[in-house]
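Reading through the structure tokens given below for one structure.
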Amino acid sequence: MGKLLSKWMNEELFGTEKIKILAREFKENNPFPHILIKDFLKEEKSKELLTELKKERFEEKQSDLFSLSQTPDFAATENVLLKEFYEFFCSKEFTKLMQELCRIKLKGGVDMAGSLYEDADYLLCHDDQLEGRKIAFVYYLSEGFREEDGGALAFLEDQGGKPGKMVERYFPLWNSLMIFEVSRKSWHEVEEVLTSKKRYAIGGWLH
Amino acid sequence: MEKPSSIYFQPEILKQMKTHYKQAGGMIYLPDFLGEKMYGTILEELEKSKGKKEKIADRFSYEVLKHEELKRIFSSPQSLEMLGGVMGTKIKNVEIAIRRYGHRDYSLIHDSEGKCKRVEFTFLLMRKWNTAWGGHKVYICEGEEPRLVPLAGNGLLLIDTENSVNCTPLCPEFSVQRIPGKRGPTKGILCKHKQMNSFVQYVNHYAGKEKLVMVEGFIH
């Protein structure tokens, strides 16, 4: 494991064999390649990240598709820890790891921002497709979420170019990283939050 | 023959409506559109009506209702003549859909929309509704304030989505309530299309089992 990876990540995660297992799971998961990596960061790092994320300026955003709050892109953040986290995702070590896990060629380049879903916030169904986006990621910093609290990330199958029935749901799990391949079939949504708990996450795309 | 409130057929009122529509850049809101009794009867019938759920997740989610009398009201020769009089044009054809929105329902703007010239109308039927529950019909256009259709039963909005030029929100005095615990003031809906487009805001869990009925139509 590289220096940067071991600084941030849970060391139990990425031996050669472990990567192979995760890569197989990523490829085989339906309705499109994805994987939820539990206990992704060292616990103290995730706690520090949440503390720093809460200091960022969140702007409420609404459109036909969503109601949520978001920070500006971390490329421009002045927060030292969040900048380091952004640079960790931009690093060659992490890019190489993601390429091995997803079997997707990455050009480099990361979009990354913090998101906050509060009571009754949502993100309706879409496919994330925009030029250059290869892998979407969400790193959950949501505390104490249970299934009945809503806010699950739901994946829908593709039916002839349109989203069909929902086939997989992941409720926000503390210190877990969701990654999925962006394609015309990557239909997904964030279900409405049904609680006053705050659904914090850091998300974006690898190019 | 079913028709809207008689006040809207008075020549002087009709003239005023035509002037207002023109001055507002192709937009008018007509409260108490139907007579009180007729509105109450139709609302009751629609509440008992079993709808057909239709959903394409990246487009819409709602129930489709059938109500022939309501359709006739909007497509009767008298109504078309009156609406045409307001718009200053002869109406050739009206398309009408009756949709019921409850918790988790919505409609989204779709890329394929907004290319044909048309005047849209929206008519609402409901018992009680809190604006914090969502369900607003929202009109947006790049660089303009969003226009929210007031969430009040028996109101008709007529809006020229192609030629509308007035940049004032439809009802500036109309404030949207917040869900308790959420931060900050109510924000406008972001604009993302050059053409004026509309959508129905997601109905959130605070609506519980309450539903609203929206008659949505296009005038060609």
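FYI, side chains are in, hydrogens and waters are out, and symmetry mates aren't considered; it's all heavy atoms of this structure. So that the names make sense, note that chain A is the first sequence line, chain B the second, and so on, each numbered from 1. These figures come from a predicted structure and were not determined experimentally.
Under the 30°/60° scheme for interplanar angles, the aromatic rings of A/H34 and A/Y170 are found to stand perpendicular.
None of A/F180, A/W205, A/F89, A/F85 except one satisfies the ring pair (Phe, Tyr, Trp, His ring centres under 6.0 Å) rule with A/F137; the exception is A/F89.
With a threshold of 4.5 angstrom between heavy atoms, B/Y202 approaches chain A through its backbone and through its side chain. Only the side chain of A/L124 comes within less than 4.5 Å of a heavy atom of chain B; its backbone N, CA, C and O stay farther away.
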Item to check | Residue pair A/L49, A/L81: steps toward the side-chain contact (heavy atoms from CB on, under 4.5 Å) verdict | outcome: CA-CA 7 Å; A/L49 271 175; A/L81 190 75; 3.9 Å; yes
Next on the checklist: Between A/L5 and A/F88, does the side-chain contact (heavy atoms from CB on, under 4.5 Å) criterion hold? Intermediate values first, please.
Outcome noted: CA-CA 8 Å; A/L5 298 185; A/F88 161 53; 3.5 Å; yes
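When the candidates B/R104, B/K55, B/H103 are compared by the number of heavy-atom contacts under 4.5 Å with chain A, B/H103 comes out ahead. Heavy-atom pairs under 4.5 Å with chain B were tallied for A/L156, A/V193, A/D127, A/L194; the largest tally goes to A/L194.
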